[in-house]
Asker: 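Take a look at this one; I'll ask things after.
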Amino acid sequence: MLTINISMRTHFTNQLNELPDGFNVTICGWVQDIRNLGNISFLILRDREGIAQVTLIKKEMGEDYYKKINGLNRESVICVNGKINKKTQSKLGLEIIPTKIDVLNEAETPLPMGIIDKVSVDIETRLNNRFIDLRKPEVFSLFRIESSISKGIRETLENEGFIEIHTPKIIATATEGGTNLFKVKYFENDAYLVQSPQLYKQIMMAAGFERVFEIAPAFRAEEHNTNRHLNEFVSIDIEMSFSTDDDAMNMLEKVIYNAIEKIKKDNVRDLKILNVEINLPERPFPRVKYDELLDYVNSKGIEMKFGEDFSSEALTLIGEKYKGFFFITRWPMEARAFYVMPCEDDPRYGRAFDLQFGEREITSGAQRNHIYSSLKENIIKKGLNPEDFKFYLDAFRYGMPPHAGWAIGLERFTMILTNSKNIREVTLFPRDRRRIIP
RNA sequence: GCCCCGGUGGUGUAGUGGUCUAUCAUAUGGGUCUGUCGAACCCAUGACCUGGGUUCAAAUCCCAGCCGGGGCGCCA
């Protein structure tokens, strides 16, 4: 049972059930609703854990006080001291008969948006008034689940010997290429926000840390306007030494499985509020080669050449065949970043993989190329300048072990598990093409 | 960046040239009611994104801007 010592409050609303009839408590929270019937009224108090009914009786409170409390605006913050009455007609099974009500902060009126109103609210309005939107239990539950996910992932990685690291988010230039970077002024120089900690976590392999992970924001200056992209998102990155792409995939399976197991255990109430059912995936996840899917897509009439990435249309088709988690493996080198390790048997392919959930991509990873000369060659092949990567390439010259890793988008993963339609739903204060406030 | 769509009270909507002094719900303010739990009932309040144009007449048609939604590309 959760126990938080806060001087004003003796209990959260969900703890009242276990207390005996007549027990004296103080509960604190927001005035969600007042139903006034004249000589009796019902005040619904909401806190983080639920709601409770406070029953106000005019005869017992006196006319003036009764009127004052009934006149409180919705969403005002109060503390109620009183006795539990279990012989109530309330559907909640108990009510509080107040002896003292402190008004700590009165809300203004009208509210920018309703919390329990029976009208839908646009996501735009909700995000503009996020602090109110987040008071809704079904919105709050998403973030409790997101919290469990990052906690669960962290637990698994720590058990597996990973060390949590923090790499810089402001860089001179030269990450992986491919995506646009946000430019920032750095005193007399230009600098950029990182798109990924990729190069740094690889350098940590040369540093001998063996296994590292980082949970941190990544920034991408892409002008996308979709339900699954953010310009700032939380990237969960790992890198592991003396490991192959298979080892990385196995680790990913374990991490995903444990996170889901944790949610099923710790977020029963949230899943119920959201009306979402999550099944533990079967392991191992299917591993499907790029070529196989390429053929499949072509056979279904979608034109796609070797080396191209799967289009949305193609992924929709693939998602109909593979519904849960599955890996796409053995990608063409030209479709992936320069740091991927080519396959020994055929260097046109690389030891890279994506983890999909149906049509949606949630992770990409690879065994990395740890051979200095070959890595440098691949940088040139991609049209990049090795000079720009000196700080990175040097780490491969004085003892770099073979290594592999992956990155998973926290919001994407949460979105999939909670069946959310828009990634903004599972981001507290999303940063997209237009939004930087709040 | 490209394509398509949209902007009406606090919130969500109806309304495609005149009968719009603009619909409905919700909210807000006031009132009735001692057991509500989406309380009920009565009364009231409150809106056509901005600028320009067409027209006798514009919420409605045209242009520009601003803001937003969906899709694509790209990706986590």
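Computed from heavy atoms alone, side chains included, the values below leave out hydrogens, waters and symmetry copies.
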Asker: In this structure, which stretches of RNA chain B are paired as stems of three or more consecutive Watson-Crick or G-U pairs, both distances less than 3.5 Å?
Answerer: B:1-7 with B:66-72, B:10-12 with B:24-26, B:27-32 with B:40-45, B:49-53 with B:61-65

Asker: Between E425(A) (side chain) and N422(A) (backbone), is there a donor-acceptor pair under 3.5 Å?
Answerer: no

Asker: Please list, by residue number, the residues of residues 283-309 of chain A whose heavy atoms come closer than 4.0 Å to an atom of RNA chain B; answer none if no residue qualifies.
Answerer: D309(A)

Asker: Between C1' on C75(B) and CD on Q198(A), what's the gap in Å once rounded to a whole number?
Answerer: 14 Å

Asker: Taking the same atom, P, in C3(B) and in C48(B), what whole-Å distance lies between them?
Answerer: 32 Å

Asker: When rounded to the nearest Å, what value does the distance between P atoms of C5(B) and C62(B) take?
Answerer: 11 Å

Asker: So, OP1 or OP2 of G70(B): does either fall under 4.0 Å of a side-chain N or O from N422(A)?
Answerer: yes

Asker: Can you see whether D266(A) engages S148(A) through a side-chain donor-acceptor pair at a distance of less than 3.5 angstrom?
Answerer: no

Asker: Hey, is the side chain of S364(A) poking within less than 4.0 Å of OP1 or OP2 on A76(B), counting only N and O atoms?
Answerer: yes

Asker: Check the interface with nucleotides 25-29 of chain B: list each N/O to N/O pair with the protein under 3.5 Å, or write none.
Answerer:
{"residue": "A27(B)", "atom": "O3'", "partner": "R74(A)", "partner atom": "NH2", "Å": "3.2"}
{"residue": "U28(B)", "atom": "OP1", "partner": "R74(A)", "partner atom": "NE", "Å": "3.0"}
{"residue": "U28(B)", "atom": "O3'", "partner": "T109(A)", "partner atom": "OG1", "Å": "3.2"}
{"residue": "G29(B)", "atom": "OP1", "partner": "N73(A)", "partner atom": "OD1", "Å": "3.3"}

Asker: Write down the distance separating the P atoms in G65(B) and G1(B), rounded off to the nearest Å.
Answerer: 13 Å

Asker: Distance from L45(A) atom CG to D33(A) atom CG, nearest 0.5 Å?
Answerer: 12.0 Å

Asker: Look at the side-chain N and O atoms of S41(A) and state whether any lies under 4.0 Å from the OP1 or OP2 oxygen of U36(B).
Answerer: no

Asker: For T226(A) and R424(A), which heavy atoms make the closest approach, and how far apart are they?
Answerer: O-NH1, 3.1 Å

Asker: Given the C1' atoms of C33(B) and C24(B), what is the spacing between them in whole Å?
Answerer: 27 Å

Asker: Does one side chain, of S90(A) or E95(A), offer a donor that lies under 3.5 Å from an acceptor on the other?
Answerer: no

Asker: Going by the angle between their ring planes, with limits at 30° and 60°, are Y349(A) and F306(A) parallel, tilted or perpendicular?
Answerer: perpendicular

Asker: Closest to the H224(A) side chain: G35(B), A76(B), A39(B)?
Answerer: A76(B)

Asker: To the nearest Å, how far apart are L43(A) CG and U34(B) P?
Answerer: 19 Å

Asker: Could you work out the separation of A58(B) and G18(B) based on their P atoms and round it to a whole Å?
Answerer: 11 Å

Asker: K91(A) side chain: which of G38(B), G35(B), C72(B) is closest?
Answerer: G38(B)

Asker: Quote, to the nearest angstrom, the C1' distance that separates C43(B) from U36(B).
Answerer: 23 Å

Asker: Applying ring pair (Phe, Tyr, Trp, His ring centres under 6.0 Å), can you list everything that pairs with Y257(A), at least two apart in sequence or on another chain?
Answerer: none

Asker: Verify the distance criterion only: is there a donor paired with an acceptor across the side chains of N70(A) and S41(A) at less than 3.5 Å?
Answerer: yes

Asker: Should the side chain of R35(A) and the base of C33(B) be counted as holding a donor-acceptor pair, with the cut-off at 3.5 Å?
Answerer: no

Asker: Determine whether the side chains of D247(A) and T244(A) contain a donor N or O and an acceptor N or O closer than 3.5 Å.
Answerer: yes

Asker: If we take the P atom in both G30(B) and C66(B), what is their distance in whole Å?
Answerer: 43 Å

Asker: List the residues meeting ring pair (Phe, Tyr, Trp, His ring centres under 6.0 Å) with F162(A), not counting sequence neighbours, and say none if there are none.
Answerer: none

Asker: Report yes or no: does R130(A) contribute a side-chain atom to a donor-acceptor pair with the main-chain N or O of L428(A) at less than 3.5 Å?
Answerer: yes

Asker: Kindly give the heavy-atom pair with the smallest separation between R220(A) and S196(A), and that separation in Å.
Answerer: NH2-CB, 4.0 Å

Asker: Quick one: does E222(A) reach the base of G1(B) with a side-chain donor-acceptor pair under 3.5 Å?
Answerer: no

Asker: If we take the P atom in both G69(B) and G12(B), what is their distance in whole Å?
Answerer: 13 Å

Asker: Need one value for K59(A): base, sugar-phosphate or nothing, where a base atom within 4.0 Å counts as base even if backbone is also close, heavy atoms only.
Answerer: base

Asker: Which of residues 350-363 of chain A sit near RNA chain B, with a heavy atom under 4.0 Å from it?
Answerer: E361(A), I362(A), T363(A)

